[in-house]
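Inspection log for the structure reproduced underneath, given as structure tokens.
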2 protein chains.
Amino acid sequence: MHKTISIVEDNALFQQALVDVIRSDRAFALGEVYGSAEAAMDMLKNPPDIAIVDINLPGKSGIELIAQLQANAAIQCLVCSLHDDDDHIMRALESGAVGYILKDSTVGQISNALHELVKGGAPMSPYIANRVISFFRKPKIREESALLSVREREVLQLLAKGLQYKEIADQLFLSTETVKKHMKNIYQKLHVQNKVEAINKFRFM
Amino acid sequence: MHKTISIVEDNALFQQALVDVIRSDRAFALGEVYGSAEAAMDMLKNPPDIAIVDINLPGKSGIELIAQLQANAAIQCLVCSLHDDDDHIMRALESGAVGYILKDSTVGQISNALHELVKGGAPMSPYIANRVISFFRKPKIREESALLSVREREVLQLLAKGLQYKEIADQLFLSTETVKKHMKNIYQKLHVQNKVEAINKFRFM
DNA sequence: CATACCGTCGCAGGAAAGTGCGATTGAAAA
DNA sequence: TTTTCAATCGCACTTTCCTGCGACGGTATG
């Protein structure tokens, strides 16, 4: 329960601040401190429990680092970055980060984040959490989806799985002609010309 | 800055607990308290700033309620539920919830969540935050994507947008025959038989 | 140097998708 | 009751997709 925490951060001041946070908390042990992603790959030799990773590093980015660490060890990576744009957030989470805090966080907030992490949480700065949640929010194109009948949605559902007309027909006990008819109506209602476009629209409803 | 908070919760004990949390905090004003989603639709007449919504309600579910509230007012909905499965989490966030806490939260945690909400955050219980973040994590089927050449990925990219062979060919300055050839190779490498299946695999890489 | 692989292109033939036109039933709405 | 509309089915026709087979130049790998 004494968690080792390593740091990957090129800015000396911030590096020191993080070191202080960890040193001042007896629940944590300070691991290694690196100034670049390349150097940080060394942590695979003796993996810490947690790594605090900056994104903007000289050379290889923190996001790539996280992806590579994830592929080779079970290190919980907490992003600590200036970047608060959707693209960076997405890419960091995709590559396996389990938390994302901004650099304007107070010492107390960083400490809290680390404790949340060991509790199995996924600490995020308020703004980040809000962005993350907003990714899930469905755009209200419900008007369009409301246009589709229940049957049409069933067909579209199966279509999106990659089934072809014959297979859909069999599964729904229809003639393939009926499936074609449904598709024709769907295309009209969604203003599209083919399967793939219909599926793409369907994904957002 | 005096935020009104309404409650939608059928369990009397829990309802009271929430009321107490709000009453004991001078930053908040207690709005209405409802025992069902149907009754809670009344809050549209005089919308509170925040609504704490249970999912498991008699009759209409809290998720539907949130969706309908979102469509008609700017109420920040905080889910407070027993359910911690991915399906409920997803659906709640899709319908517009801005936070999701579990019922095993302490009074202090609930209070914190409310304060996070007004700060523009998206409060989540640690476990929930972890699940939410894990939705983003890319399954490491990178081996398969590595099989695809750069050109093949370009083609697949355009295909996923709904373009057809002719259009892809034009855009990449190729003959449609070449596009066909690429597709054939892609199908082989991904072990699929048609466009839609290829796109589906591609989305996870 | 040989082999392998990528990217380019072509043709033939069959399978699937998409369009146009039309039809029947049944249920719901006007 | 008439109208409307979802759901079902059919046929003819065009377009697109998919497969199989083959080809050529370039690059990299051995």
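Everything numeric in this text was worked out from a predicted model, so none of it was measured. Basis for what follows: all heavy atoms, side chains included, without hydrogens, waters or symmetry-related copies. Residue numbers start from 1 in every chain, and the chains themselves are labelled A, B, ... in the order their sequence lines are given, proteins ahead of strands.
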State plainly whether the residues B/D54 and B/K103 are in salt-bridge range, i.e. N to O under 4.0 Å. yes

By nearest atom, which of the nucleotides [options] is closest to the [X] side chain?
X	options	value
B/K181	D/dA6, D/dA7, D/dA23	D/dA23
B/S149	C/dT8, C/dG7, C/dG18	C/dG7
B/N194	D/dA7, D/dG10, D/dC18	D/dC18
A/Y165	C/dA17, D/dT8, C/dT8	C/dA17

Counting distance alone, no hydrogens or angles: does the base of [N] have a donor or acceptor under 3.5 Å from a partner atom on the side chain of [X]?
X	N	result
A/E177	D/dC11	yes
B/E152	C/dC6	no
A/K184	C/dG20	yes

Over how many whole Å does the gap from [X] atom [atom1] to [N] atom [atom2] extend?
X	N	atom1	atom2	value
B/I186	D/dT19	CD1	P	12 Å
A/L174	D/dG10	CG	C1'	14 Å
A/K195	D/dC18	NZ	C1'	12 Å

side-chain N/O A/H182 vs D/dA6 OP1/OP2, d < 4.0 Å: no

Would you tell me if any nitrogen or oxygen in the side chain of A/T178 comes within less than 4.0 Å of OP1 or OP2 on D/dA7? no

Quick check: does any side chain N or O of A/Q15 sit under 3.5 Å from a backbone N or O of A/E9, one acting as donor and the other as acceptor? yes

Starting at the 5' end of DNA chain C, which residue's closest nucleotide do you reach first, B/K180 or B/S175? B/S175

If you measure only the distance, is there a donor-acceptor pair under 3.5 Å linking the side chains of A/R137 and A/S134?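 Not at all, the side chains of A/R137 and A/S134 share no donor-acceptor pair under 3.5 Å.
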
Mark yes or no: B/K180 above the aromatic ring of B/Y165, with NZ or CZ under 6.0 Å from the six-membered ring centre and no more than 45 degrees from the axis. no

